[in-house]
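Only one structure is covered here, and it is reproduced in the block below.
On a predicted model such as this, the values are computed, not experimentally measured, just so you know.
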Amino acid sequence: MPEKAPTVDPRRWKALIFIALAQLMVVLDATIVNIALPSAQADLGITDANRQWVITAYALAFGGLLLFGGRVADLWGRKRTFVIGLVGFAAASALGGAAGGQEMLLGARALQGLFGALLAPAALSLLAVTFTEARERAKAFGIFGAIAGGGGAVGLILGGVLTEYMNWRWTFFVNIPFAVVAATGAVLVIREPAEGRNPSRLDVPGVILATLGLVSLVYGFTRAESDGWLAGPTLGLFVAAAVLLLAFVLVESKVKAPLLPLRVVAERNRAGVYASLGLAVIGMFGLFLFLTYYLQIVKGYSPVTTGLAFLPMIVGMITGSTQIGARLMTRVRPRLLMAPGFVVAATGMLVLTQIDLDTSYPALILPAFLLLGLGMGTAFMPAMSLATHGVQPRDAGVASAMVNTSQQVGGAIGTALLNTIAASATTAYATSHAAGAAAPKLLKLESMVHGYTTAIWWAVGILVLAAAIAFVFVTTGHQGGGSPAASSDDGAAVGGGTDADIQVPVMAH
């Protein structure tokens, strides 16, 4: 007998506006500060050795506390956690914008990371429990996926405009109106399903082990970039991360109310989503990192022009997410969207391996950006939805946190790995061509471009691997309700059924 359909929230589409606004703020902040960093460094007298901590302090707090934030959302309530995260993020942003020295700025960045770790999983899990009907879920996640994929590029544009025409401090202050509007809207509009709360106690040993393990892992990649992969501190951090995370898995398999129920990550499709998303972010970080430098240093673009150059990729992401992914998600298996999406993105990245000193933006970079945007938008949209589809409401927060964790760790790996590859290739090229170089400045630029293209080749391979993982591991059927049985199964899974519901989150073909 079919189960009673869940009550539909009449204000769910208004709620989506404020959830999406909060997500945009978090994603923007990941890149907007990068462009402002040189100005902030000069203004506050931050040393070259310490400037990386403006980025690292945020990354460590955000990446290390995401699982904790996701579980807090399940325990305290997603709406409450969402609002607390917004208010705290706004306060931390105000502190950063008003910073009078590097200590205050670094503290503000760490606080931003902490409150971001509460906010990001709460936003995604609110979306997961608010939109349960297949076609509406597809539209909602299409919008959310476009923001998650394209927000970083928007941050480059906004960061360039604010830094060039106003002041680096506005890259922090700009978060405040976002947070105020989103928090006000959340209080007035968002309604969380009552049955979604998890009554269990917080798994304190799990919190400690997961936080220390993830911080060690993220910081290990940061040190690898600056000190080298075989340096003692780097290896020590990787060993510590492995030991702590292994201990975390053992603890989670024993405790009654785990921080991360292993059933969330043991399900084949969800594991495939987490792995492929993490790899895709590694590849995308190669794009943002090297193309930003290439356009400004080699091509001579201003910060604003550089940001605008990424605009076609944002258009492509929005199109791929809302017009391809959202429209086909209820008709096509997720792997038939994710795998081709990553392949199209890899093709765009492949085009970018051909850049040189005189590359034409309209002839080569523009079509590459469009391919990247279309591919990533098409792949991200069903991945975001599938990562939380079929999860019991009491686990929705931590399942959402795993999406953010895979992306955050992927970003840390991408920054360290690809930057190391680019730096090594740049040095090798400069050394091998130094003897016959007539113009040292020209050789320097040629060496930089060689380094960038070498790293982008690696990014191509990483995106192809993401496509392969998505195709092999994501075997579930489409996320549409094609029959009453399918709708019933879907409703049971979303509404809080048994663990068996998690093993088959959607109707299998």
Side-chain angles (χ1 to χ4, degrees), residues 22 24-66 68-69 72 81-120 151-152 155-156 158-183 211-212 214-216 218-219 221-223 225-227 233 237 292 303 404 408 411-412 415-416:
L24 177 61
M25 182 187 71
V26 173
V27 177
L28 281 176
D29 197 73
T31 54
I32 195 171
V33 175
N34 290 11
I35 285 186
L37 183 54
S39 299
Q41 181 184 359
D43 193 20
L44 299 180
I46 302 173
T47 64
D48 287 345
N50 286 336
R51 67 181 176 185
Q52 65 160 329
W53 281 100
V54 177
I55 307 300
T56 304
Y58 178 87
L60 292 181
F62 186 73
L65 294 169
L66 271 168
F68 168 71
V72 164
T81 306
F82 184 73
V83 173
I84 291 172
L86 282 166
V87 172
F89 201 93
S93 297
L95 190 66
Q102 69 176 16
E103 293 80 8
M104 188 172 174
L105 182 62
L106 296 181
R109 288 292 284 164
L111 283 174
Q112 279 186 315
L114 186 157
F115 287 107
L118 292 175
L119 177 59
L156 295 173
L158 191 57
V161 170
L162 292 174
T163 302
E164 190 165 331
Y165 295 114
M166 297 180 73
N167 187 287
W168 67 266
R169 297 180 184 276
W170 282 96
T171 61
F172 287 90
F173 291 145
V174 73
N175 292 327
I176 298 173
F178 277 96
V180 169
V181 172
T211 301
L212 292 178
L214 288 171
V215 165
S216 296
V218 173
Y219 190 39
F221 284 110
T222 301
R223 292 298 295 262
E225 183 183 0
S226 58
D227 297 350
L237 285 164
T292 300
N404 290 283
Q408 185 66 23
T415 301

Might you point out which heavy atoms bring [X] and [Y] nearest each other, and give the distance in Å?
X    : Y    : result
R169 : D43  : NH2-OD2, 3.6 Å
A57  : R109 : CB-CB, 4.2 Å
L28  : F178 : CD1-CZ, 3.9 Å
G64  : V215 : CA-CG2, 3.8 Å
V174 : T171 : CG1-O, 3.6 Å
L86  : A179 : O-CB, 3.6 Å

Give, for atom [atom1] of [X] and atom [atom2] of [Y], the distance between the pair rounded to the nearest 0.5 Å.
X    : Y    : atom1 : atom2 : result
W168 : I32  : CH2   : CD1   : 12.5 Å
L111 : L106 : CG    : CG    : 11.5 Å
L66  : L119 : CG    : CG    : 10.5 Å

Contacts of A108 meeting side chain to side chain contact (heavy atoms under 4.5 Å, CB included) (sequence neighbours excluded), chain-then-number -> L95

Any side-chain to backbone donor/acceptor pair from Q112 onto A92? Under 3.5 Å, distance only.
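Judged by distance alone, no pair lies under 3.5 Å.
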
I46 and L105: side-chain contact (heavy atoms from CB on, under 4.5 Å), yes or no, with the steps?
CA-CA 10 Å; I46 302 173; L105 182 62; 3.8 Å; yes

With sequence neighbours excluded, tell me which residues meet ring pair (Phe, Tyr, Trp, His ring centres under 6.0 Å) with F62.
Y58

CA sep, side-chain torsions, deciding dist, call: L60, W53, side-chain contact (heavy atoms from CB on, under 4.5 Å)
CA-CA 10 Å; L60 292 181; W53 281 100; 3.8 Å; yes

